[in-house]
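None of these values were measured; they are calculated from a predicted model. Throughout, protein chains are lettered first and strands after them, A, B, ... in sequence-line order, and every chain is numbered starting at 1.
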Amino acid sequence: MADESLVEIRGVSKRFPGVQALDDVSLDIRPGEVHAVAGENGAGKSTLMKLLSQLEKPSDGTIVVEGEPMRFRSPRHAQRLGIAMVHQEFALAPHLTVAENLALGRERTHVGLIVRGSEKRNARELLERVGLKVDPSRKVSALSVAEQQRVEIAKALAVDAKLVIMDEPTATLTEGEIDDLFGLIEQLKSEGIAIFYISHRLEEVVRIADRVTVMRDGEVVETLNKGDVDESRLITLMVGREIDNLYPKQECEIGDPILRVEGVTRPGVLRDCSFEVRSGEILGFAGVVGAGRTELARAVFAADPISAGRIELDGKELSLKSPRGAVAAGIGYLTEDRKGEGLAMQLSVQQNITLARIPGSGIWIDRRAERRSAERRTEELDIRTPSLHRAVEALSGGTQQKVVVAKWLETEARVLFFDEPTRGIDVGAKAEMFKLMGELASRGHAIVLISSYLPELTNMCDRIIVVRDGQTVGELSREEFDEERIMALASGAEREAA
Amino acid sequence: GVVKDHKAKITLQKTPPIHIAVVPKSVGLDYWSKVHSGATCAASQMRGVSVTWNGVTDETDVVDQLNLLNNYIATGVNGLVYAATDATAMNETSTSAQKAGIKVVSIDSGTTPQPKSVPLIATDNVSAAKLAAKDLAKAIGPAGGKVAIVAFHAGSQTNDQRVQGFEEGLKKYPKLHLVGIQYSQNDYNTALTVTSNILTANPDLKGIFAANESSDIGAVEATRLAHKGGKVKIIGWDTSPDEVSGVKEGLVAGLISQDPFRMGYDGVRAAAALIRHQRRPGNENTGAVMVTKSNLNNRTVHQFTSPRCGSPRQVDVG
Amino acid sequence: MSTNIGALRGAVTPRLPEPVRDRLSDVVSQLAAAGGLIVVFIALSFASPYFLTSNNLFNIGVQVSIVAIVAMGQTLVILTAGIDLSVGSVAGLGGILGTMAMAKAGFPMVPGICIGILTGAAIGIVNGLLITQMRLPPFIATLGMLGVARGLTFIVGGENAVYGLPASFRLFGEGQIGPIPMPILYVIVIAVAIYLILSRTRLGRYAYAIGSNEQAARISGIPINRYKLAVYVISGALAGFGGMIAASLVHSGQPNYGVGLELNAIAACVIGGASLFGGVGTIGGTLIGALLMAVITNGAVLLNITQYYQQVIIGVIIWVAVWWDQVRRRRLAAATEQAHGRRSADADSDGEAQSNGGGGRRRASATA
Amino acid sequence: MSTNIGALRGAVTPRLPEPVRDRLSDVVSQLAAAGGLIVVFIALSFASPYFLTSNNLFNIGVQVSIVAIVAMGQTLVILTAGIDLSVGSVAGLGGILGTMAMAKAGFPMVPGICIGILTGAAIGIVNGLLITQMRLPPFIATLGMLGVARGLTFIVGGENAVYGLPASFRLFGEGQIGPIPMPILYVIVIAVAIYLILSRTRLGRYAYAIGSNEQAARISGIPINRYKLAVYVISGALAGFGGMIAASLVHSGQPNYGVGLELNAIAACVIGGASLFGGVGTIGGTLIGALLMAVITNGAVLLNITQYYQQVIIGVIIWVAVWWDQVRRRRLAAATEQAHGRRSADADSDGEAQSNGGGGRRRASATA
Ligand SMILES: Nc1ncnc2c1ncn2[C@@H]1O[C@H](COP(=O)(O)OP(=O)(O)OP(=O)(O)O)[C@@H](O)[C@H]1O
Ligand SMILES: Nc1ncnc2c1ncn2[C@@H]1O[C@H](COP(=O)(O)OP(=O)(O)OP(=O)(O)O)[C@@H](O)[C@H]1O
Ligand SMILES: [Mg+2]
Ligand SMILES: [Mg+2]
């Protein structure tokens with residue numbers, strides 16, 4: 001490993017209105033090194049990386065790239081310096097095709113005209129490297145979140161980079177895809193490319209990082225070398241205390257079925273899906289990306305139309321036409337896409353938390369009660385905001401996710417679908433959220449947990465349904481949980497009747 | 001002004017039906033709807049004549065009016081009776097219509113040059129506006145004082161001619177001092193607003209020349225709101241019912257009235273004559289009168305303000 | 001740490017109960033937003049001796065009233081990321097039908113006015129249905145309605161104005177209660193009502209939510225269609241009301257009334273800080289926007305500036321006012337950061353509940 | 001499943017090489033979008049014997065040309081999620097300055113026309129600077145310019161129209177090359193140019209990207225300000241060009257020309273499927289939108305429908321045409337999903353390469 005730093009961050013600070021996001025941060029990265037940055041939500045990880053890619057300017061301090069102090073101009077300048085970034089909130093233009101997005105800002109032209117042929121070819125190559133098989137001429141808006149995540153990674157690869165920053169690249173990926181990504185990272189390393197890696201999945205950090213820097217409240221707590229890193233150490237450093245149980249599963253009494261779904265079909269998307277979930281139960285949906293878990297939840301929630309099927313709540317058949325009916329009936333659905341379908345970005349934290357259930361009578365809002373609810377939820381989930389009146393767009397990614405979670409907890413729905421609820425949430429908050437889920441279950445609510453991260457499912461669920469190709473293909477009870485078995489079912493290697 | 005007697009005796013036998021398009025400068029003002037009644041009245045009195053009435057919404061839509069005229073030329077109407085929004089811009093329209101075999105009559109405003117073969121049935125705006133200046137001076141009295149113009153739309157030819165005529169007329173009265181000109185944009189409420197503001201800025205204002213219907217009504221309401229009704233002398237233009245009632249109430253010193261009904265009426269008759277008899281009727285000055293409280297019930301004036309079909313009339317006013 | 005914040009807050013606005021303090025700083029912030037307006041106001045007071053006369057201020061009030069009322073309805077629509085281009089035509093149609101009801105059908109004044117308002121509401125329903133049921137973009141639905149309503153005005157009312165209104169109808173637009181002209185009173189009442197709607201009712205909250213992220217609102221179980229319909233109905237009804245005021249002022253129903261009014265109304269909203277992309281905007285801002293335009297027009301006439309220079313000046317002042325507003329906001333944000341940035345970040349790090357905070361604080365610092 | 005798709009695709013366009021097939025289905029889809037226009041066209045052909053005369057078609061072409069040209073510039077602006085409200089005033093100002101250059105300063109025709117275009121471009125620069133440097137919302141910047149440019153027109157040109165233009169200038173708007181009137185030729189040339197810009201150049205690509213997600217565009221290193229400026233300059237220049245055509249048609253410079261033109265231009269874009277929220281829109285769509293409005297207006301005159309009914313009918317047809325377009329799109333999407341929606345996901349799981357996909361397939365199913 002070369003001693004020469006590729007990038008050195010010296011005493012950098014960054015203030016936002018009401019927030020000291022970074023406070024005198026110093027760290028460095030060498031060529032061919034994977035340097036992980038860990039920390040709680042709002043610790044300042046993304047902000048630090050945005051300084052490197054010149055999306056923000058530091059209030060104080062300098063950044064040295066290959067011995068030269070970096071001048072802050074524009075993201076384009078950062079790219080020229082060889083810095084590429086995978087953004088936590090994707091930087092994709094939804095109306096453009098995958099190929100166009102991958103070439104964006106770097107189009108090759110011939111007498112002023114864009115050479116489209118090579119664009120597609122390059123796109124195919126890049127997509128192949130990230131293991132994504134979609135047609136490059138598809139619009140990005142038609143891709144699922146997981147697919148977009150990989151396009152975002154591919155986009156960073158398109159830059160001729162010396163430093164690649166990956167801000168939570170695995171938040172929506174499943175095991176296999178993460179393995180692919182790590183293979184890719186190894187390959188980049190061998191080419192001498194340095195990588196900043198941010199993730200809340202600490203075992204990934206332990207696995208891939210050469211060094212780990214832990215941040216808390218905008219400050220660097222410590223930088224550890226590969227040998228000294230283990231998960232519990234990281235957690236202690238990050239959170240400032242120990243978390244003994246990451247998956248606080250409460251054993252609670254499982255009662256009668258609350259929601260029963262039979263033969264739900266949506267042409268071309270879902271075929272004859274059936275499941276039931278009981279009071280006090282946490283049911284998991286497992287499956288590979290694109291298996292149709294999200295679609296199944298959306299169909300039950302009436303966010304998408306179905307052509308056939310029966311949905312029963314407490315033994316009574318529901319005929320839902322819109323999410324509104326579902327919410328009224330006592331079904332909640334936390335979407336996987338928080339920006340697109342989760343948050344009203346310009347509205348305040350408080351307004352978002354109470355959006356699905358505003359206290360009040362008739363047309364009036366009871367603002368005092370609203371405030372109380374919001375206060376309680378922010379406390380419960382440790383939502384860090386300078387104020388309840390802060391617009392959520394100014395919050396860190398993970399904090400935003402907590403706000404969405406709070407919104408659905410606030411509805412007190414009988415049945416709650418959580419679609420990738422831990423996306424971007426730190427370990428401490430994750431444990432807290434699982435605890436709340438357990439409490440909900442123990443109070444007789446039914447919970448459906450959709451996650452691409454198997455340990456979450458196996459630790460938290462009482463039962464797991466495996467979804468493949470838009471069908472429910474298997475069901476496993478807690479005793480039968482086995483990651484390999486689930487993977488086999490999900491990928492179609494093993495077949496079993498639902 | 002003098003109106004020539006014009007009685008074209010038209011024989012109405014076995015004539016093929018004819019279709020005449022009548023295009024005003026704009027639609028939506030009382031003035032033009034009187035032209036419309038005149039045109040339909042004329043058509044109703046002749047066998048086999050039908051008229052189409054269509055216009056743009058604003059007198060300044062020169063290009064749109066040209067488009068509209070061209071559309072009529074393409075549809076092959078027999079006659080085209082129109083008031084040009086811009087005398088110069090339309091000078092080829094009449095000839096190209098004639099080339100397409102369509103008989104053309106100009107009403108209200110002609111083109112420059114006016115083709116010899118196209119009769120013009122109109123009043124002279126400039127001289128009528130001079131009349132307005134004279135009457136405003138008379139209403140204000142020998143002491144004179146400040147006067148203002150509430151015009152309607154800068155860049156419209158009618159507007160410009162009236163303003164020009166008024167300003168020229170004003171030259172004869174050195175005691176009258178023009179303090180400003182504001183535009184109502186052909187909107188009653190805007191007229192009200194600008195007049196209110198003029199009255200605020202010039203508390204000693206003596207008189208207003210309101211150059212069309214909307215300007216007049218807005219100006220009247222503004223003087224009423226400022227409790228200056230009747231004290232500030234207003235000379236308006238056109239004779240919509242509300243304007244006339246302003247005269248009755250003494251809020252308006254006088255109204256310049258043209259004879260739009262006659263323009264429509266004679267325009268259509270002239271077109272019919274051209275089509276059926278290949279005869280070109282002479283140009284015609286339809287004249288203008290000043291309507292005041294004292295001559296309101298005068299029969300002749302009544303013909304101007306509330307024309308009725310069925311009694312084609314002769315007027316002679318000074 | 002929360003004591004820390006408490007202390008700080010106390011220092012800024014001592015001893016006031018929190019809600020009052022919140023309200024107060026709200027007002028102050030609103031006034032700061034009115035900067036452009038205030039500057040123009042002061043400048044005109046010096047430039048023309050007539051500007052500050054009560055007579056002229058009334059005039060301005062009356063002149064602004066119609067645009068302000070229509071713009072307040074428009075604000076609701078714009079909050080939902082919609083747009084209502086039909087308001088001008090609706091004002092025309094409402095005015096004609098309302099006056100016809102009085103002049104032709106012999107309705108007394110109040111029912112006549114109601115007819116004008118109901119006409120607007122009915123058009124609003126059609127707009128709303130086109131948008132929610134036929135799923136037309138609001139721009140298209142209301143652009144079509146702009147033509148349809150104007151056409152109907154002429155078809156129903158003929159080409160001429162409607163005259164012969166009862167004398168009492170004049171009072172509706174020209175009367176006064178004490179020293180205050182009726183139209184100004186209407187503006188005040190409607191502004192308060194819409195302020196309450198926006199801040200205290202579901203309709204207001206949902207309007208913001210729909211405009212901010214329609215998908216999120218839908219998934220949260222909000223009956224989007226119903227609330228969208230509601231904002232178009234309100235906008236239509238207020239446009240009808242504006243049309244009736246206009247009719248009263250000139251004591252006649254004018255079929256051409258309201259041409260171009262939509263642009264003025266939308267401009268008032270946007271000058272007042274509303275975003276055409278939805279989710280952002282306030283009633284106070286809209287009123288300021290409407291007033292700014294009216295004051296400039298009034299001032300220009302008082303100073304005897306000809307129409308063309310007026311147009312240029314209005315345009316430039318709009319640019320400067322909005323630019324200034326933006327600079328102010330940015331600077332405000334920066335100032336807050338300097339004063340309290342450190343501390344609130346600290347407070348965060350304790351993982352303590354933030355029961356109240358930045359919002360209030362931020363506003364408080366604006367007053368400082 | 002993939003054989004299934006293959007079979008279907010084969011059935012629709014057998015044996016054609018892929019790019020040709022893509023192009024073909026593109027055309028078909030465009031034509032389908034023109035559905036409303038085609039229906040109106042056919043209906044009018046039957047309703048009026050004059051409609052299909054070469055003379056009349058010629059008229060329509062000339063009449064649509066100005067709106068179409070201005071709307072094409074507007075399309076670029078709208079793609080970036082901007083709006084240009086000043087185009088009408090700019091057409092007026094360009095027309096006045098261009099004609100004054102010829103009539104007063106004695107410029108020959110071509111330089112005179114260039115002056116009109118350059119005026120528009122200059123105004124476009126100011127718009128662009130206001131938006132990028134003073135960070136004004138496009139609505140505010142161009143609304144201000146709407147007043148400023150109109151005021152300037154009168155200040156510079158006086159209240160009267162500009163006459164005394166060289167006779168040759170008539171040819172600019174009324175001449176023909178072979179059987180094709182010049183204005184139609186201009187539309188074709190500009191349409192092809194902007195089509196190329198949109199599909200083949202950075203400017204076009206970035207316009208879509210900026211409108212789709214400005215932040216993403218910025219992150220991708222696109223110099224946003226430069227490209228935003230460019231679209232406003234193009235819009236301004238085309239508005240100036242439109243103003244010169246108008247001046248040629250009436251052989252004079254009209255200071256009031258272009259009032260309300262902005263609304264027509266924006267309407268053409270939106271009817272043609274562009275979204276005011278940016279990122280969506282095509283030149284073909286805009287042309288269709290402009291044509292639809294012109295054909296209806298023309299047809300109404302031919303059928304002897306008065307102005308007021310015309311307004312109502314135009315409004316209703318716009319509603320129906322856009323509604324129909326949307327239904328078509330939704331049905332298309334549903335069909336695609338039914339047939340293959342899941343398949344792209346399948347490809348993920350069974351690891352097959354999808355060399356061409358959603359886009360092509362979706363379009364193919366439209367033709368079926
Ligand atoms: N544009 C902004 N305006 C105001 N505050 C901001 C802005 N961006 C970030 N912040 C604040 O800065 C702090 C650090 O945010 P940052 O996004 O860097 O956190 P993070 O470590 O990436 O968290 P996460 O794990 O949730 O992604 C947070 O308190 C956040 O609210
Ligand atoms: N708006 C859309 N238009 C077209 N196709 C879509 C759209 N949304 C999703 N899809 C397709 O549907 C498939 C399934 O979506 P999705 O990935 O959300 O399913 P999932 O089982 O929930 O997977 P995961 O939650 O692991 O991402 C994806 O392959 C995607 O291509
Ligand atoms: Mg982050
Ligand atoms: Mg999913």
Examine whether an atom of [X] lies under 4.5 Å from a heavy atom of chain C, and if so say whether it belongs to the side chain, the backbone or both; otherwise answer neither.
{"X": "Leu347(A)", "value": "both"}
{"X": "Ser322(A)", "value": "neither"}
{"X": "Ser348(A)", "value": "neither"}
{"X": "Ala303(A)", "value": "both"}
{"X": "Glu370(A)", "value": "side chain"}

* Sorted by first residue and then second, give each salt bridge (Lys or Arg N to Asp or Glu O under 4.0 Å) pair with at least one member in residues 391-405 of chain A; sequence neighbours left out. => none
* To do: Scan for salt bridge (Lys or Arg N to Asp or Glu O under 4.0 Å) pairs involving residues 338-348 of chain A, sequence neighbours excluded, and state none if there are none.
  =>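 Found Glu89(A)-Arg338(A), Arg298(A)-Glu341(A).
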* To do: Please confirm whether the backbone N or O of Gly340(A) pairs with a side-chain atom of Asn213(C), one donor and one acceptor, at under 3.5 Å?
  =>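 Yes.
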* Could you tell me the separation between the CH2 atom of Trp364(A) and the CG atom of Leu203(C), rounded to the nearest 0.5 Å? =>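 Reported to 0.5 Å precision, the distance equals 10.5 Å.
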Taking the side chain as every heavy atom from C-beta outward, state whether [X] and [Y] have any atom pair closer than 4.5 Å.
{"X": "Ser275(C)", "Y": "Gln346(A)", "result": "no"}
{"X": "Arg200(C)", "Y": "Ile363(A)", "result": "no"}
{"X": "Ile358(A)", "Y": "Arg202(C)", "result": "yes"}

* **Residue-level interface, residues 218-231 of chain C with chain A, non-hydrogen cut-off under 4.5 Å** => Arg218(C), Ile219(C), Ser220(C), Gly221(C), Ile222(C), Pro223(C), Arg226(C)
* If you look at every heavy atom in Leu355(A) and Tyr206(C), which pair is closest and at what distance? ->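 Minimum heavy-atom separation between Leu355(A) and Tyr206(C): O-CE2, 4.2 Å.
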* Considering all heavy atoms, the nearest Ala216(C)-Ala344(A) contact ->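 Residues Ala216(C) and Ala344(A), closest heavy atoms: CB-N, 4.4 Å.
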* **Residues forming a side-chain contact (heavy atoms from CB on, under 4.5 Å) with Thr399(A), sequence neighbours excluded** =>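 Only Asn41(A), Ile383(A), Leu395(A), Ser396(A) meet the side-chain contact (heavy atoms from CB on, under 4.5 Å) criterion with Thr399(A).
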